[in-house]
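As the structure lists them, so they are numbered: ligands from 1, and atoms in each ligand from 1. Note that the structure is predicted; figures quoted are calculated from it, not measured.
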Amino acid sequence: MSARIIDGRAAAAAVRAEVADGVAAFTAVHGRAPGLVGIQVGDDPASEIYQANKARQAEECGMHSRRITLPADTTQAQLDDIIDDLNADDDVDGMLVQLPVPDQLSEPLIAARIHPDKDVDGFGPGNMGRLMRGEPGNVPCTPAGVMRLLDDAGVALEGARAVVVGRSLIVGKPQAMLLLDRHCTVTIAHSRTRDLPGLCRTADVLVAAVGRPEMIRGDWIAPGAAVIDVGINRTDDGLRGDVAFDEAVEVAGCITPVPGGVGPMTIAYLLANTLLAARRRTADRSLDKG
Ligand code: NDP
């Protein structure tokens, strides 16, 4: 039997359409569009592409998007000043600093400097604390997108055994909290985990966020499991996930492909977070769908 393929491109298009509707309603009420600012330090080509994509998609949803590109030798003090100005700018609802940043800059200092209400990546201590406490806040985009894919696929989460492979701040940890919040029994696995194949085989929901091409094999997967592959690995044979898709698709109940699975959801949820941030900042609950 072959697994149902979860179409992340279609899901992301649906999220963007919802955001565009919300942006139009927000703009009609407030006389301005939600504003998103992307800061890039240096001219790393991959960062350039990500930033351009984020700005383009924000504009396509009707948002006001601004890109700030700073020289590679920008100091922490200079960056702090720019972040402070944006924190104080009422027309800016969300901002992000494209990672990675050059060595003289500190990612933790940056994450802490951005006001939590404008931290639409959700990486800062304020939003991580809110997530841990189960309070409303900006949830990191990739794990938020994964939850949407699971819901769209109709995966029953309450009481399910979930295994998240990877414990990074941007994917693994917040993913585990979101699954826990939905009443999964969650195990977080990492590079020191013993018998990872055996652990993965216990999962009703398996989320792979490792960064190792096709590490998770078909015989690590329980028949009928929901398999979400966050991995994006560039190999000589093209883009590969963390899951050996050709094997896994024969065993899983549903599975995300790479590309076309989780990837497109990340920017879609950045836009959704920006709209939500704009609504929260203006205390505009009337537009909340729930
Ligand atoms: P990190 O490198 O920050 O974290 C990787 C995690 O995998 C670590 O917790 C590490 O464990 C664990 N790990 C590494 N090797 C093994 C192993 N052999 N067995 C078990 N666990 C292992 O990566 P990210 O979380 O940032 O990203 C993970 C993947 O997701 C990457 O391919 C990345 O490109 C992709 N990604 C995709 C996004 C999207 O939009 N779809 C967004 C973000 C990331 P330990 O902590 O012990 O070192």
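Taking atom 42 (C) of ligand 1 as the reference point, the nearest protein heavy-atom neighbour is Thr142 OG1, 3.3 Å. Taking atom 39 (C) of ligand 1 as the reference point, the nearest protein heavy-atom neighbour is Thr266 OG1, 3.5 Å. In this structure, atom 15 (N) of ligand 1 lies nearest to the protein heavy atom Arg212 NE, 2.8 Å. Of all protein heavy atoms, the one closest to atom 29 (C) of ligand 1 is Gly211 N, 3.6 Å. For atom 10 (C) of ligand 1, the closest heavy atom belonging to the protein is Ser191 N, 4.3 Å. The shortest contact between atom 25 (O) of ligand 1 and any protein heavy atom is with Ser168 OG, 2.5 Å. For atom 2 (O) of ligand 1, the nearest protein heavy atom (residue, atom name, distance) is Val210 O, 4.4 Å.
Residue nearest to atom 36 (N) of ligand 1, selected from Ile267, Val230, Ile216, Asp229: Val230 (by heavy-atom distance). Across Arg167, Met265, Gln175, heavy-atom proximity to atom 9 (O) of ligand 1 is greatest for Arg167.
At distances below 3.5 Å, at least one donor-acceptor pair connects side-chain atoms of Asn138 with backbone N or O atoms of Pro116. Using a distance-only test at 3.5 Å, with no hydrogens or angles considered, a donor-acceptor pair links the side chain of Asn273 to the main chain of Val139. Arg192 places no side-chain N or O within 3.5 Å of a backbone atom of Ala189 that could act as its donor or acceptor partner. Checked by atom type and distance alone, the side chain of Glu59 never pairs as donor or acceptor with a backbone atom of Cys61 at under 3.5 Å.
With a 4.0 Å heavy-atom cut-off, ligand 1 is reached by the backbone of Ile232 and by its side chain too. Contacts between Thr193 and ligand 1, counted as non-hydrogen atom pairs separated by less than 4.0 Å, are absent for every part of the residue. The side chain of Asn233, and not its backbone, has at least one atom closer than 4.0 Å to an atom of ligand 1 (non-hydrogen atoms only; side chain from C-beta on). Residue Val171 touches ligand 1 through its side chain alone, judged by heavy-atom distances below 4.0 Å.
For the pair Met95 and Asn87, the minimum side-chain heavy-atom distance is below 4.5 Å. With contacts defined as side-chain heavy-atom distances shorter than 4.5 Å, the pair Leu36/Leu96 qualifies. With a 4.5 Å cut-off on side-chain heavy atoms, Leu79 and Ile39 count as touching. A 4.5 Å side-chain heavy-atom check between Thr69 and Asp43 finds every atom pair outside the cut-off. Side-chain contact check for Glu107 versus Pro100: every heavy-atom pair is 4.5 Å or farther apart.
Heavy-atom contacts of Leu196 reach the following atoms of ligand 1: 19 (N), 20 (C) (cutoff under 4.0 Å). Contact atoms of ligand 1 toward Gly166: 6 (C), 7 (O), 9 (O) (distance under 4.0 Å to a heavy atom of the residue). For ligand 1 and Met215, the ligand atoms under 4.0 Å from any heavy atom of the residue are 17 (C), 18 (N), 19 (N).
Any N or O atom pair closer than 3.5 Å counts here, and Arg192 shares no such pair with ligand 1. Polar contact with ligand 1: absent for Asp242 (N/O pair, distance under 3.5 Å). Residue Ala189 has no N or O atom closer than 3.5 Å to an N or O atom of ligand 1.
Using a cut-off of 4.0 Å between Lys/Arg side-chain N and Asp/Glu carboxylate O, Asp229 and Arg240 are scored as not salt-bridged.
Taking 4.0 Å as the cut-off, Gly172 does not count as a neighbour of ligand 1 on heavy-atom distance.
Around CZ of Arg182, the count of heavy atoms belonging to other residues, nucleotides or ligands within 6.0 Å does not exceed 12.
For atom 27 (O) of ligand 1, the nearest protein heavy atom lies 4.0 Å away or farther.
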### Query
Would Asp93 and Arg32 count as a salt bridge (Lys or Arg N to Asp or Glu O under 4.0 Å) if you check the C-alpha gap in whole Å, the side-chain angles of each, and the deciding distance to 0.1 Å?
CA-CA 11 Å; Asp93 298 293; Arg32 70 166 183 90; 2.8 Å; yes
